[in-house]
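Worksheet for the structure shown next.
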Amino acid sequence: MTTTATPAPATGLVDGGDRAATRRRPPGRRHYGTHLFLVAMAVLWLVPLLWALYTALRPKAVTDRYGYWSLHGPLNLDNFSAAWTQGGMATYFGNSAIITIPSVLLTLALASMMAFAVSRFSWRFNLTLLIMFTAGNMLPPQVLAAPLFEMFKHTPLPYSISASGSLLDTYYAVIAVEVAFQLGFCTFVLANYMKALPGELTEAALVDGAGVWRQYSRIILPLCRPALAALGTLEVIWLYNDFFWPLLFIHSGDQLPITTGIKNLQGQFLLDYNLIAAGATITVIPTLVVYLALQRHFVAGLTLGANKG
C-alpha cells in the first residue's frame, strides 16, 4: 500500500509575498498642510489672550514708561487684586450666575421638550414648527431691541419684585429674552439628535403602557446627555459673555452682570488698561472652568451621530 505525501504549503513564499506587498504599500499621507494651518490658527487665536494676560501682570508705571509692546519690567498680581476689589467682581459674578444658570436650564428644558415633540411623533405641524424655530435664529436680535424695550417698559409688575414697577430693570426681562433667542438653535440640534435614536425604544415603551411624559423623561432624555452637555457648555459660554441684552434692560449698577460691570474699572479721565486687562482675564475663569469640567461630554456630544447615515 502506497501513500502519497501531501506537499506542505509554501509558507515562505506566502509570507515573502505578504512582506513584499507590505513594502510596496504606500505610506499614509501626512497632512502637513492641515497641521500647519491648525497651528497657525491656534497661535493667531491665542496671541491676543496671552498678550492681555501679560499686560495684566505688568504695573501701569512700567507700561507708561516702556510702552505696551515691550518686555521690560517686573510681573506681579497687583492688578488682579485691585480689579477684584475696585470693580466689585464678587457682586457682578453673582449677578451673572442669577442670569446665566436659569437661562441655560430653561432653554435646555424647553428645547428638549419641543425637540421630542417634533422628532419622535408624526403629526401635521411638526416640520413647520421646527422650521419656525430654526428661522428665528436668522433674525438679528438688534432688530427687536426697540420693540422689546417698549414692551417691557409697559409691562407692569408689583413693586415687591420690581423697583421700576415694570419688567424693565429686572433679571426676568434678560432671562426671557436670552431663552427666547437661544431656544431655536437648541431645538434644532436636539431634534436632529433625537431623530438618530432608534424608534423601537419609544414603540416598546408605548406597548408597555408608558405615556408621553414617561417616554420623554425616562427613555429619550437620559440618552441625550452628551448632546445636552455639549449644548449646556455652549449656552453657558454664550449667555455668560452676552453684553447687549443686560446693558439694554438693566439700568441699576448693582444688578449688572460681569460683562457690563467691568466698565466700572474705567476712570472718568484716565484709562488703566492694565487694570482692565486684569478684570477681563478674571471674567474668563468661570467659562474656562465649565469647559474643562464638561470637555469630555462636549466633544462626545459634537461627534455622536457623525457616522449615522
Side-chain angles (χ1 to χ4, degrees), residues 29-87 89-90 92-93 96-97 99-101 103-104 178 182 185 189 226-227 229-247 257-266 271-304 306:
R29 297 180 57 186
R30 299 185 182 276
H31 303 280
Y32 292 111
T34 303
H35 295 163
L36 182 62
F37 172 76
L38 293 177
V39 170
M41 293 301 297
V43 171
L44 186 64
W45 187 271
L46 290 175
V47 163
L49 300 178
L50 295 178
W51 197 260
L53 178 61
Y54 176 68
T55 303
L57 292 172
R58 302 180 68 192
K60 185 178 184 300
V62 175
T63 55
D64 289 342
R65 180 178 180 182
Y66 297 103
Y68 287 95
W69 299 99
S70 62
L71 301 177
H72 299 82
L75 302 179
N76 54 53
L77 299 177
D78 294 343
N79 289 323
F80 290 93
S81 60
W84 182 266
T85 55
Q86 295 181 20
M89 292 290 183
Y92 294 122
F93 272 128
S96 293
I99 295 175
T100 303
I101 295 175
S103 299
V104 172
E178 299 285 13
Q182 297 298 325
F185 170 75
V189 173
L231 283 175
T233 305
L234 290 175
E235 291 299 320
V236 166
I237 295 174
W238 291 342
L239 299 183
Y240 174 85
N241 291 325
D242 186 29
F243 178 83
F244 180 71
W245 293 120
L247 184 64
I258 190 66
T259 50
T260 54
I262 198 174
K263 66 181 181 180
N264 290 341
L265 297 176
Q266 301 178 6
L271 289 179
D272 188 347
Y273 290 107
N274 302 71
L275 190 64
I276 296 176
T281 305
I282 293 175
T283 62
V284 177
I285 295 176
T287 55
L288 185 61
V289 171
V290 170
Y291 176 76
L292 293 177
L294 299 177
Q295 181 180 10
R296 180 171 60 88
H297 301 286
F298 177 75
V299 175
L302 293 180
T303 56
L304 275 176

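Numbers here simply count residues along the sequence, with the first being 1.
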Donor-acceptor contacts under 3.5 Å from residues 277-284 side chains, at least two apart:
from, atom 1, to, atom 2, distance (Å)
T281, OG1, A277, O, 2.7
T283, OG1, A280, O, 2.5

Intermediate values then yes/no, side chain to side chain donor-acceptor pair (under 3.5 Å), N274 and T63: CA-CA 8 Å; N274 302 71; T63 55; 3.2 Å; yes
List, one per line, each side-chain donor-acceptor pair under 3.5 Å for residues 42-59, sequence neighbours excluded.
from, atom 1, to, atom 2, distance (Å)
Y54, OH, S70, O, 3.3
T55, OG1, W51, O, 2.8
R58, NE, H72, O, 3.4
R58, NH1, G67, O, 3.4
R58, NH1, S70, O, 3.1
R58, NH2, S70, OG, 3.0
R58, NH2, H72, O, 2.9

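- A distance of 11.5 Å separates CD1 of I237 from OG1 of T100, quoted to the nearest 0.5 Å.
- Around atom OH of Y68, more than 12 heavy atoms belonging to other residues, nucleotides or ligands sit under 6.0 Å away.
- Residue D78 holds its CG atom at 14.5 Å from NZ of K60, rounded to the nearest 0.5 Å.
- L234 contributes atom CG, which lies 9.5 Å from atom OH of Y291 (distance to the nearest 0.5 angstrom).
- Across all their heavy atoms, A83 and L275 have their closest contact at N-CD1, 3.5 Å.
- In this structure, L247 and T260 approach most closely via the heavy-atom pair CB-CG2, 3.9 Å.
- When all heavy atoms are compared, the tightest approach of Y92 to G87 is CE1-O, 2.8 Å.
- With rounding to the nearest 0.5 Å, the separation of CD in Q86 from CG in L265 is 7.0 Å.
- Interatomic distance, Y273 OH to D64 CG, rounded to the nearest 0.5 Å: 11.5 Å.
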Y66 and V62: CA distance, side-chain angles, deciding distance, side-chain contact (heavy atoms from CB on, under 4.5 Å) verdict: CA-CA 6 Å; Y66 297 103; V62 175; 3.8 Å; yes
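- With hydrogens and angles ignored, the 3.5 Å screen pairs a side-chain donor or acceptor of T85 with a backbone N or O of A82.
- Of all heavy-atom pairs between Q182 and L239, the closest is CG-CD2, 3.8 Å.
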